[in-house]
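Naming: A, B, ... by sequence-line order, numbering from 1 per chain. Values below: all heavy atoms of this structure, side chains included; hydrogens, waters and symmetry mates excluded.
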Amino acid sequence: MTILPVDFYDRDPRLVARELLGQHLVRRGREGICRGRIVETEAYLATGDSACHSHRGQTRKNATMFGRPGRLYVYPIHARYCLNAVTEPRGVASAVLIRAVEPLDGFALMQQRRGVIACANVIERFSVANNRLNQVGARSIELRHLARGPARLCEAFGVDRRLDGWNLTIGARIWIAFGSNVAHEDLATSPRIGVTSAHDLPLRFFVRGNGYVSRSSIYLART
DNA sequence: CTGAGGATAGTCT
DNA sequence: GACTATCCTCAGA
């Protein structure tokens with residue numbers, strides 16, 4: 001296992017966002033270990049980006065973005081959380097939002113944290129929903145939705161603001177390890193999801209055709 | 001102290 | 001595709 005070093009993060013967030021695709025987000029806690037392949041990211045720039053949290057200066061909420069690269073920036077949104085990796089040197093407040101992973105390990109733990117039962121397909125999902133043995137009342141979802149979307153990802157991996165500022169490069173609690181690089185032809189870009197300003201910038205990066213990517217059908221842009 | 005709004009997700013049409 | 005529950009943070013009074 002190769003943990004991505006600080007140098008990896010100490011670069012332009014557009015480069016980091018692109019190269020994070022294919023790498024493995026790993027979460028280790030008392031309950032066990034979770035691992036997922038990163039398939040969708042977004043870059044938020046330190047300058048000229050009105051959608052970036054740092055755009056209006058430093059506050060307590062976004063302070064982590066102004067700190068060292070390779071740290072975890074967690075912030076609350078709509079009663080949920082989103083997970084970012086801080087990029088560029090201290091004082092240059094940029095970050096990469098991780099929007100979705102393809103689950104690799106820790107399926108049971110992710111399901112438990114999310115309070116759902118993940119099914120391989122819609123047919124199995126229908127079957128589970130009607131199964132009397134499902135006494136806990138957990139919703140059944142498709143597997144591709146287990147950690148798709150930043151808030152679902154945080155819930156599945158047990159990430160909340162207590163991990164804001166955590167060092168992603170020391171190999172404890174949560175880190176990103178090298179998995180594989182995505183071939184150029186499998187890489188796609190689009191405008192970022194859910195941002196109301198700077199919507200023209202193609203700062204979202206995802207693995208083309210990957211079923212774990214959110215809203216993949218909307219954009220088919222190519223880099 | 002109060003109000004507004006946000007890098008969402010789930011549900012329903 | 002539209003609607004909205006939900007809650008934390010910040011700005012303004």
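The environment of A:Arg28 atom CZ is sparse: at most 12 non-hydrogen atoms of other residues, nucleotides or ligands sit within 6.0 angstrom.
Here A:Arg161 reaches the OP1 or OP2 of C:dT9: one of its side-chain N or O atoms lies under 4.0 Å away. For C:dC8, the OP1/OP2 oxygens have no side-chain nitrogen or oxygen of A:His78 closer than 4.0 Å.
Atom CZ in A:Arg148 sits about 20 Å away from atom P in B:dA7, given to the nearest Å. Per the geometry, CG belonging to A:Asn84 stands 14 Å off C1' belonging to B:dG6, to the nearest Å. For A:Arg113 and B:dA9, the CZ to P distance is 17 Å, given to the nearest whole Å. The interatomic distance linking A:Glu42 (CD) with B:dT8 (C1') rounds to 12 Å, in whole Å. In this structure, NE2 of A:His55 is placed 22 Å from P of C:dT9, rounded to the nearest angstrom. When the P atom of C:dT6 is taken as reference, atom OH of A:Tyr75 falls 21 Å away, rounded to whole Å. Atom CZ in A:Arg204 sits about 11 Å away from atom P in B:dT8, given to the nearest Å. The interatomic distance linking A:Glu40 (CD) with B:dA7 (P) rounds to 16 Å, in whole Å.
Of the nucleotides present, B:dC1 is the one that pairs with C:dG12 by Watson-Crick or G-U wobble criteria, both distances under 3.5 Å. B:dA7 is unpaired under the criterion used here, namely a Watson-Crick or G-U wobble arrangement in which both key atom distances are under 3.5 Å.
Ionic pairing of A:Glu185 and A:Arg208 is not present here: no N-O contact between side-chain nitrogen and carboxylate oxygen is shorter than 4.0 angstrom.
Nearest nucleotide to the side chain of A:Ile193, out of B:dA7, B:dT8, C:dC8: B:dT8. Side chain of A:Pro150, nearest nucleotide from B:dT11, C:dT6, B:dT8: B:dT8. The side chain of A:Thr59 lies closest to C:dC10, out of B:dA7, C:dC10, B:dT8.
A:Ala151 comes within 4.0 angstrom of sugar-phosphate atoms only, judged by non-hydrogen atoms across all strands, and of no base. In this structure, A:Arg56 reaches neither bases nor backbone, as no heavy-atom distance under 4.0 Å exists between it and the strands shown.
Judged by ring centres under 5.5 Å apart and planes tilted less than 30 degrees, A:Tyr44 stacks against the six-membered base ring of B:dA7.
Residues in residues 75-94 of chain A take part in these ring-ring contact (aromatic ring centres under 6.0 Å, His included) pairs, two or more places apart or across chains: A:His53-A:Tyr75, A:Tyr73-A:Tyr75. Residue pairs that meet the ring-ring contact (aromatic ring centres under 6.0 Å, His included) test with at least one member in residues 8-34 of chain A, sequence neighbours left out, do not exist here.
Judged by the 6.0 Å distance and 45° axis criteria, A:Arg192 is positioned over the aromatic ring of A:Tyr44.
Between A:Arg60 and A:Arg80, the residue anchored nearer the 5' end of DNA chain C, judged by the nucleotide with its closest heavy atom, is A:Arg80.
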